[in-house]
Amino acid sequence: QVQLVESGGASVQAGGSLRLSCAPSGMSFSFNVMGWYRQAPGKQRELVATISSTGRPNYANSVKGRFTISGDMAASTIYLQMNSLSPEDSATYYCYANIPTTTGRPLISWGQGTQVTVSS
């Protein structure tokens with residue numbers, strides 16, 4: 001079982017920046033994709049950004065140009081730099097990992113989430 005630990009969530013004012021981190025609580029692991037999802041109260045969980053094991057990023061349209069995903073692949077650690085935050089970015093942010101297995105079916109692991117609150 002892979003445990004992911006997020007950190008960096010906080011309360012900030014609109015226009016501010018935050019940097020989220022996600023790292024395994026134990027050993028590093030190989031992955032296909034890692035990324036960030038978020039869920040606001042009363043809304044479905046939505047993709048924010050992902051990064052492949054080769055470092056290719058992918059972003060939701062709502063965060064393009066404001067958020068940057070990066071990672072230390074050897075450490076199975078990813079980051080999300082969030083700039084120009086708006087109240088609409090307020091949510092619990094979850095780290096996600098798609099991990100290859102010998103069965104061919106990937107293992108999906110989620111972190112516990114870190115809260116981001118943006119006030120106007």
Do Leu4 and Tyr37 sit in the same hydrophobic cluster, where Ile, Leu, Val, Met, Phe, Trp and Tyr count as joined when their side-chain heavy atoms come under 4.5 Å apart?
no

Taking all non-hydrogen atoms of both residues into account, name the closest pair between Tyr79 and Ser21 and its distance.
CD2-OG, 3.3 Å

Hey, can you tell me if Tyr94 and Trp110 have their rings parallel, tilted or perpendicular (30° and 60° cut-offs)?
perpendicular

State, yes or no, whether a side-chain contact exists between Leu20 and Val116 at a heavy-atom distance under 4.5 Å.
yes

Shortest non-hydrogen contact between Pro24 and Ser76, atoms and distance:
CD-O, 3.2 Å

Closest approach of Thr54 and Ser52, non-hydrogen atoms and distance?
OG1-OG, 2.8 Å

Could you tell me whether Gln39 atom CD has more than 12 heavy atoms of other residues or ligands within 6.0 Å of it?
yes

Does some side-chain heavy atom of Asn58 sit less than 4.5 Å from a side-chain heavy atom of Leu47?
yes

Specify whether Tyr93 and Phe67 have parallel, tilted or perpendicular ring planes, treating 30° as the upper limit for parallel and 60° as the lower limit for perpendicular.
tilted

Distance-only, no hydrogens or angles: does the Glu6 side chain make a donor-acceptor pair with backbone N or O of Gly113 under 3.5 Å?
yes

Tell me, with the steps shown, if Met34 and Phe29 meet side-chain contact (heavy atoms from CB on, under 4.5 Å).
CA-CA 11 Å; Met34 289 186 71; Phe29 53 88; 4.1 Å; yes

More than 12 heavy atoms from other groups under 6.0 Å of CD on Gln115
yes

Does the side chain of Thr68 reach to within under 4.5 Å of the side chain of Tyr59, using non-hydrogen atoms?
yes

What is the minimum heavy-atom distance between Ile69 and Trp36, and which atoms define it?
CD1-CD1, 3.8 Å

Glu46, CD atom: more than 12 neighbouring heavy atoms under 6.0 Å
yes

On a heavy-atom basis, which atom in Ser17 and which in Asn83 lie closest, and how many Å separate them?
OG-OD1, 2.9 Å

Identify the two heavy atoms, one from Arg38 and one from Ser62, that lie closest to each other, and give their separation to 0.1 Å.
NH2-OG, 3.5 Å

Single-linkage hydrophobic cluster, 4.5 Å side-chain cutoff, Val5 and Leu107 together:
no

Going by heavy atoms in the side chains, are Ser53 and Met73 under 4.5 Å from each other?
no

Is there a side-chain contact between Met82 and Asp89 (heavy atoms, below 4.5 Å)?
no

Common cluster, Val33/Leu80, ILVMFWY with side-chain heavy-atom separation under 4.5 Å:
no

Donor-acceptor under 3.5 Å (Ser109 side chain, Val2 main chain):
yes

Side-chain contact test, heavy atoms from C-beta onward, threshold under 4.5 Å: evaluate it for Pro87 versus Val118 and give yes or no.
yes

Drop me the distance from Gln3's CD to Cys95's SG, to the nearest 0.5 angstrom.
12.5 Å

Report the distance from atom CZ of Arg66 to atom CG of Leu85, rounding to the nearest 0.5 Å.
6.5 Å

